[in-house]
Amino acid sequence: MKMSIREAINQTLHEEMARDDRVVVMGEDVASDQGGVYGITEGLTQKYGVRRVIDTPITESAIVGAAGGAALTGLRPVAELMFVDFLGVCLDQILNQIAKFRYMFGGQARTPLVIRTMIGAGTGTGPQHSQILYPLLAAIPGIKVVYPAFPADAKGLLTTAIRDDDPVIFCEHKALYMDECEVPEGEYLIPFGQARTVVAGSDITIVAMSRMVVIAEQAAAQLKEKGISAEVIDLRTLSPLDEGAVLESLAKTGRLVVVDESNPYCSMASEIAGLAVERGFDTLDAPVRRVTAPHTPVPATPCLETEYVPNAAKVIAAVEETLAY
Amino acid sequence: MDISPEKLADAYRLMKTIREFEERMRSEYQQGKLPGFIHIYRNQEAIAVAACLDMTNEDYIASTHRGHGHCIAKGCEIEAMLLELACKEDGLCNGKGGSMHIADMSKGMLGANAIVGGGPPIAAGAALTAKTLGNGAVSMAFIGDGASDQGTVAEALNLAVVLQLPMIFMYENNRYAEFTRNPKPDGRIAERAGAYGMPAEVVDGSDFYAMYDACQRAITRGREGGGPTAIEAICNRFYGHFEGDPQAYRDQDELKQERVDNDPLVRFLADERTASLTAEMTSSIDAAILAEIDRGFEVALAAADPTPDKLFTNVYIEYAGRLR
Ligand SMILES: Cc1ncc(C[n+]2csc(CCOP(=O)(O)OP(=O)(O)O)c2C)c(N)n1
Ligand SMILES: [Mg+2]
């Protein structure tokens, strides 16, 4: 069935709540009739009641921390951190508590927690509502980080996330909520750590994630018209990372461009570039290029926000430079 | 109460400016002329104006996402504000802040805030500056009923008491946080603040005079080294959470009632203490306000967008590294 990411996530929440009583949804406004600002949790309260669909005060430390504590003791919470920017409010609970339970408790702990959060620029909401921040999260041992670009992946990865016994951060790009695609009916799981080749090609590898996959696809289509065959790889999960898929494609094309909406330093793009240099050096025919946002906050004004976010033209320019090397 | 006719006229001018400003913002936003999210302050005007009326540019406020009224009350220029809300190069923040991050350091306005509960610790810091410098300035944090639950607010309350800061916690209890009704009974917020060890009172936020009286006491106390104060102003949110939210989740009869019964401007004008303000005076003030807002919008909407190179300015004051 064709549906949007918004609908795919909503459907998955419905299915997983129906399947397992211990799945609870909690967060700000999640139990409201409209199901939060973007309607993601629509209809859950009517079906599962306020015992399992829990509206919380505006208190991210307690939301995330309590979801972690509940996960530690037998529930399977799907907590909503409305915007990933609010990570600033609750980082201790993720960084020092949830991520470390299993390791520092010597394997006693299971923390089947999902934190759903909205990421990304493109809505003109400025510096405190538009960040990506997943590199920060992916850097934390003990946390898995997932960020689908397409509705089908959203369903498959969210299902896996909810059934996973480790804490997972599930990133939803707000500029992608309405894009529709075909989503498999019924139970659908996608294992973590498996990238997907979105466009097959032979001249160059473009590795991308979340909304940047869509940008990379656009770039690949335009490059095709110029006779350049680009392969686009959607990482789908950031931690664990499918290193094999990147290296395999690189072995085929010999050239690599990474597209990442985050700030450049210590980004996912840096990680992939490091991987290529460390383990794919022999296959590289040209330096790796990173296309990222600049080392600036996200400006509120839409005209600068457009400059901030990587676009197809920037990807094409990077590809052409790499090919010209 | 101690309020001169000039000050009364000023209070009226500011409340009315906020009212007209917000109504115009709504209509321009609905026509797609303004970017981002905007949160309208209508019917909370008496709070911001009473709170800032006795402040100077040396005093500080830390605002919220619903911050336009706070800016106007603190003396921000209408045109400069509108340039920012339209995200233009000549805006107060060069268009990089917009509605949710508008700030005007020259007026002691330390920023709207898109992080709920982000403001109080900052305001505590400004109060610490005032106390350390001994300049008699005060600092005020505006805090929503929803925001009152944040840990940052609790920590700022405690810090303000421990350090005896010249600070005012100005809670605006409009009884809603986004689409969810505040489950706390009126007064609970003040009770909590009081429990930290500061005077805390509940005030009718639609009653300018009651608000002004409470604010005068709190500000005087701060200036005289008496430490922090909390005020829980009970008010109502006239429009939806953000512009475009039809607030279908609200009891429509109650909303209608609140809108009329608790219109702070109507109540202000009907109050006998406002008698010195004649109809002639208000109509000439009104005309000036409308002209200023008209001019502001005209300038702001026609103004230039920031040039692309501005993306890279003001990340730092000085930086040896590469930004792109
Ligand atoms: C840390 C954080 N959590 C959540 C939000 C989303 N959010 C924005 S405004 C708001 C409601 C705030 O309610 P209240 O403090 O009562 O202020 P009001 O909107 O009523 O003025 C929420 C939950 C946010 N911006 N920041
Ligand atoms: Mg409120």
Side-chain angles (χ1 to χ4, degrees), chain A residues 27-37 39 41 45 55-65 82-83 85-90 92-93 122-131 263-265 290-310 314, chain B residues 34-37 65 84-89 91 93-102 112-118 144-154 177-180 182-184 241-242 245 248-249 304-316 319 321-324:
Chain A
E28 295 156 15
D29 270 323
V30 295
S32 64
D33 283 345
Q34 57 262 69
V37 175
T41 53
T45 315
D55 256 346
T56 62
I58 305 171
T59 172
E60 284 78 11
S61 267
I63 296 168
V64 167
M82 197 183 289
F83 290 83
D85 311 70
F86 309 162
L87 183 63
V89 184
C90 62
D92 177 68
Q93 292 296 324
T123 49
T125 46
Q128 298 172 337
H129 272 56
S130 308
Q131 297 169 88
N263 300 118
Y265 300 132
R290 294 178 299 157
V291 181
T292 67
H295 185 61
T296 76
V298 187
T301 173
C303 69
L304 294 186
E305 190 184 31
T306 307
E307 293 287 323
Y308 174 93
V309 180
K314 286 179 192 168
Chain B
L34 298 161
F37 285 148
H65 57 285
E84 185 55 34
L85 300 182
C87 287
K88 298 303 177 77
E89 169 121 33
C93 314
N94 300 140
K96 286 173 175 170
S99 170
M100 288 203 292
H101 314 88
I102 185 169
N113 214 306
I115 302 298
V116 169
D145 50 291
S148 74
D149 290 327
Q150 277 288 29
T152 48
V153 178
E178 291 195 342
F179 320 134
T180 304
N182 176 7
K184 299 179 285 291
H241 170 60
F242 41 60
D245 161 24
Y249 44 85
D305 282 332
T307 48
D309 57 302
K310 294 299 186 311
L311 179 58
F312 304 99
T313 59
N314 291 319
V315 182
Y316 301 93
Y319 189 59
R322 192 162 55 85
L323 296 179
R324 56 175 127 186

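The shown structure was predicted, so the numbers you read here are calculated from the model rather than taken from an experiment. We name chains A, B, ... by the order of the sequence lines, and we start the count at 1 in each one. FYI, side chains are in, hydrogens and waters are out, and symmetry mates aren't considered; it's all heavy atoms of this structure.
- When each of B/Asn113, B/Asn182, B/Val153 is checked for heavy-atom pairs under 4.5 Å with chain A, B/Asn113 comes out on top.
- Counting heavy-atom pairs under 4.5 Å between each of B/Glu178, B/Met100, B/Arg324, B/Glu89 and chain A puts B/Glu178 at the top.
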Handout entry: Steps toward side-chain hydrogen bond (donor to acceptor under 3.5 Å, both in side chains) verdict (B/Lys310, A/Thr301)
Key = CA-CA 11 Å; B/Lys310 294 299 186 311; A/Thr301 173; over 6 Å; no

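- Heavy-atom pairs under 4.5 Å with chain B were tallied for A/Leu304, A/Val37, A/Asp29; the largest tally goes to A/Asp29.
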Exercise for the section: Show your working on side chain to side chain contact (heavy atoms under 4.5 Å, CB included) between A/Asp55 and A/Glu28 and close with a plain yes or no. Expected result: CA-CA 5 Å; A/Asp55 256 346; A/Glu28 295 156 15; over 6 Å; no

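- If you measure heavy-atom distances from B/Tyr249 to chain A, the contacts under 4.5 Å come from the side chain alone.
- Heavy atoms closer than 4.5 Å to chain A are found in the backbone of B/Ala147, but not in its side chain.
- The minimum heavy-atom distance linking A/Pro294 with A/Asn263 is given by the pair O-ND2, 2.8 Å.
- Of the residues A/His129, A/Gln131, A/Gln128, the one that meets the side-chain hydrogen bond (donor to acceptor under 3.5 Å, both in side chains) test with A/Asp85 is A/Gln131.
- A donor-acceptor contact closer than 3.5 angstrom links the side chains of A/Glu60 and B/Gln150.
- In terms of non-hydrogen atom pairs under 4.5 Å with chain A, the most contact-rich of B/Asn314, B/Leu311, B/Val315 is B/Leu311.
- Interface remark: of the candidates A/Ala300, A/Gly124, A/Pro302, A/Ala300 forms the most heavy-atom pairs closer than 4.5 Å to chain B.
- Partners of B/His65 according to the ring pair (Phe, Tyr, Trp, His ring centres under 6.0 Å) rule, which considers only residues two or more places apart in sequence or in another chain, are B/His39, B/His241.
- Contact of B/Ser99 with chain A is not made at all, since no heavy-atom distance falls under 4.5 Å.
- In this structure, A/Glu305 has no side-chain hydrogen bond (donor to acceptor under 3.5 Å, both in side chains) partners at least two apart in sequence or on a different chain.
- Chain B forms more heavy-atom pairs under 4.5 Å with one residue of A/Ser61, A/Pro127, A/Ala62, A/Ser32 than with any other, namely A/Pro127.
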